[in-house]
2 protein chains.
Amino acid sequence: MEKYFAILKKCPLFFGIDETHLAKMLPCLGAQIMPFDKKYTILKEGNPARYIGIILSGSAQVIRLDYYGNRSILSEVGPSELFSEAFACAEIDAVPISVIANEPGEAMLIDCGHILHTCANNCGFHQQLIFNLMKDLAAKTLAFHQKMEILSCRTTRDKLLTYLDLQAKQAGSPRFTIPFDRQELADYLEVDRSGLSTEIGKLRKEGILKSRKDQFELLQ
Amino acid sequence: MEKYFAILKKCPLFFGIDETHLAKMLPCLGAQIMPFDKKYTILKEGNPARYIGIILSGSAQVIRLDYYGNRSILSEVGPSELFSEAFACAEIDAVPISVIANEPGEAMLIDCGHILHTCANNCGFHQQLIFNLMKDLAAKTLAFHQKMEILSCRTTRDKLLTYLDLQAKQAGSPRFTIPFDRQELADYLEVDRSGLSTEIGKLRKEGILKSRKDQFELLQ
DNA sequence: AAAAGTATGTTGAATTTTCAACAAAATGGA
DNA sequence: TCCATTTTGTTGAAAATTCAACATACTTTT
């Protein structure tokens, strides 16, 4: 387990907990390691929502398929980030989303019951874990608000520009790389791929942005 | 303060805390009462995010105005429900939303710093409050997922039907009342009002629903 | 290096949304 | 009750999206 400590220390779930205590906690929490290949379904819609997931290496997408099988990309998770924590914390029966690997990697799964209800050993760090979960969920709520700001736009153009502005702001620079190809970006913005391509072309012609594949630059 | 206990006991923030302790905690938390009239701005976008709000009576809408001044209705809050808790818990500078009263009522404001950082008296119930906040934020995350399910639909018809299905499921009956007039429903679904009216008319003609004002019935 | 497969850009037609304007219905006061 | 105001429904035109089909560019494999 030690080889994961560098990543786990950056994980919001373990904020403020040092390696010594982490080493004691992990077995207490019943942490398991799950290796995965590209395109592997790490978590499938309908599965029990018992586990909190932590990406140790690689990355994955949180998606949902609608009635007709259309994919929506809800978010992207990378190393040290949590997934499915809200469903586990809410103690619902089944997760309403799937998590699909972008590339090979590993995830850690923790039975959330061991965090919410004090474990037999009573490690004394449950309070910190619960506080950390609360902080994480608050931060995720902010991210949801950003996503809603995008989805509330009526046109592909406005959705795209709102997304790119947010990315630039996050990158702290007008030049940035996005974690999506065109189809994925369309599924994230909830728009048609071909219309998205057209719109990117227009913005380029109008001198509003430069782009090459997943690299973008917003001009002035 | 005692007259509010009946409502506060139902508030997710105070779950598992009895009246005796509640009475001790409220002053410790620096709780203030804010009366409001219809259309009053209980919380304004850009304000400090210090406070967690609890609706004691009446109701309000959480809204956001976009660049052009178009209103988005994010959610509806009623008695014993929390608002702005995610922003307070995330300890960001300013709230990105506004909260507007639907009707006269009262709200309680609690300085979130008094919950997150142990207070001088160290009431001993902070752990429970933090646990409750975590639970509340997890539940709100589920609500956000539902909203995203609606917004990810491409047509007004699908957005409307997805919304109505969710409402029927929540009401546990095909007959239910929604908390919106037409313009508000349009601003919640992020669609054009006149198009929404037209679509409701079509669904009625097709025998898919019955409706009168804010009362709906989904047929089979 | 060639071939196969994938991703992206482009186009036109059909559908849908938005927008503006107005009519009808409902509401709230005087 | 009547008047003024607000809300809801309806319509047609303009704009935008979706959809399908295909050309081009790029990757990966053999």
Side-chain angles (χ1 to χ4, degrees), chain A residues 37-39 61 66-73 100 102-104 150-164 177-206 208-216, chain B residues 37-39 61 66-73 100 102-104 150-164 177-206 208-216:
Chain A
D37 285 327
K38 184 172 176 169
K39 295 200 180 177
Q61 291 178 340
D66 73 10
Y67 196 75
Y68 304 104
N70 301 316
R71 173 180 67 172
S72 288
I73 297 181
I100 314 283
N102 288 326
E103 56 196 309
I150 293 170
L151 295 186
S152 73
C153 294
R154 301 295 169 87
T155 65
T156 298
R157 186 192 185 91
D158 284 346
K159 284 193 176 81
L160 175 59
L161 285 174
T162 302
Y163 171 74
L164 293 177
T177 301
I178 66 172
F180 300 126
D181 63 27
R182 289 289 178 275
Q183 183 64 62
E184 290 172 331
L185 180 55
D187 290 346
Y188 181 79
L189 302 180
E190 314 283 5
V191 299
D192 179 67
R193 180 197 62 77
S194 72
L196 174 62
S197 267
T198 305
E199 209 59 57
I200 290 174
K202 279 189 203 167
L203 290 172
R204 206 170 356 203
K205 273 186 199 124
E206 294 173 30
I208 294 172
L209 59 76
K210 287 185 188 173
S211 75
R212 238 200 64 195
K213 299 207 305 180
D214 57 353
Q215 295 176 55
F216 287 78
Chain B
D37 284 328
K38 184 173 178 169
K39 295 200 180 179
Q61 291 177 339
D66 72 11
Y67 197 75
Y68 304 104
N70 301 316
R71 172 179 69 171
S72 289
I73 297 180
I100 313 284
N102 288 325
E103 55 197 308
I150 293 170
L151 295 186
S152 73
C153 294
R154 302 294 169 87
T155 64
T156 298
R157 186 192 184 91
D158 284 345
K159 284 193 177 83
L160 174 60
L161 284 174
T162 302
Y163 171 74
L164 293 177
T177 301
I178 65 172
F180 300 126
D181 64 27
R182 289 290 178 274
Q183 183 63 62
E184 290 171 330
L185 180 56
D187 290 345
Y188 181 80
L189 302 180
E190 313 284 5
V191 298
D192 180 66
R193 180 197 61 77
S194 71
L196 174 62
S197 267
T198 305
E199 209 59 57
I200 290 173
K202 280 189 202 167
L203 290 171
R204 203 167 1 201
K205 273 185 199 125
E206 294 172 29
I208 294 173
L209 60 77
K210 287 186 187 173
S211 75
R212 238 200 65 195
K213 298 207 306 179
D214 56 354
Q215 295 176 55
F216 286 79

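Every chain is numbered from 1 and lettered A, B, ... according to where its sequence line falls, protein lines coming before strand lines.
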### Task
Send over the distance from B:D214 CG to D:dT6 P, rounded to a whole Å.
20 Å
### Query
Between atom CZ in B:R154 and atom C1' in D:dC19, what is the gap in whole Å?
11 Å
### Query
For B:L160 and D:dT8, what is the distance between atoms CG and P respectively, to the nearest whole Å?
14 Å
### Query
Nearest-Å distance, NZ (B:K38) to P (C:dG28)?
8 Å
### Task
Give a yes/no on whether any side-chain N or O of B:R193 is located under 4.0 angstrom from OP1 or OP2 of D:dT8.
no
### Message
Taking B:E206 first and then B:R157, would you say they form a salt bridge - that is, a charged N and a carboxylate O separated by under 4.0 Å?
### Response
yes
#### Entry: Whole-Å distance separating the CG atom of B:N70 from the C1' atom of C:dT17
14 Å
### Message
Base, sugar-phosphate or nothing for A:T155? Non-hydrogen atoms, less than 4.0 Å.
### Response
sugar-phosphate
### Rounded distance (Å) that lies between atom C1' of C:dT17 and atom CG of B:D192
7 Å
### Message
Quick check against the 3.5 Å criterion: does A:R182 have a side-chain atom that pairs as donor or acceptor with the backbone of A:D214?
### Response
no
### Query
Is there a donor on the side chain of B:R204 or the base of D:dG9 sitting less than 3.5 Å from an acceptor on the other?
no
### Query
Is the shortest side-chain N/O distance from B:T156 to OP1 or OP2 of C:dT17 below 4.0 Å?
yes
#### Entry: Nearest-neighbour nucleotide for the A:D181 side chain, C:dA7, C:dG9, D:dT11 considered
C:dA7
### Task
Verify, without hydrogens or angle tests, whether B:R193 (side chain) and B:L185 (backbone) share a donor-acceptor contact under 3.5 angstrom.
no
### Query
Is A:R204 reaching over with its side chain to a backbone N or O of A:S211, donor-acceptor style, under 3.5 angstrom?
yes
### Message
Whole angstroms only, please: what is the CG-P distance between A:L185 and C:dT8?
### Response
10 Å
### Message
If you compare every side-chain N and O of B:K213 against the phosphate oxygens of C:dT27 (OP1, OP2), does one of them come in below 4.0 Å?
### Response
yes
### Task
Apply side-chain contact (heavy atoms from CB on, under 4.5 Å) to the pair A:Y163 and A:F216, showing each step before the final yes or no.
CA-CA 12 Å; A:Y163 171 74; A:F216 287 78; over 6 Å; no
### Query
Starting at the 5' end of DNA chain D and moving along, which residue's nearest nucleotide shows up first, B:E184 or B:T198?
B:E184
### Closest to the A:E199 side chain, choosing from C:dG9, D:dT17, D:dT8
D:dT17
### Atom pair distance, as rounded to whole Å: CG in B:D66 and P in C:dT18
13 Å
#### Entry: Nearest to side-chain heavy atoms of A:S194, which nucleotide of D:dG9, D:dA20, C:dT8
D:dA20
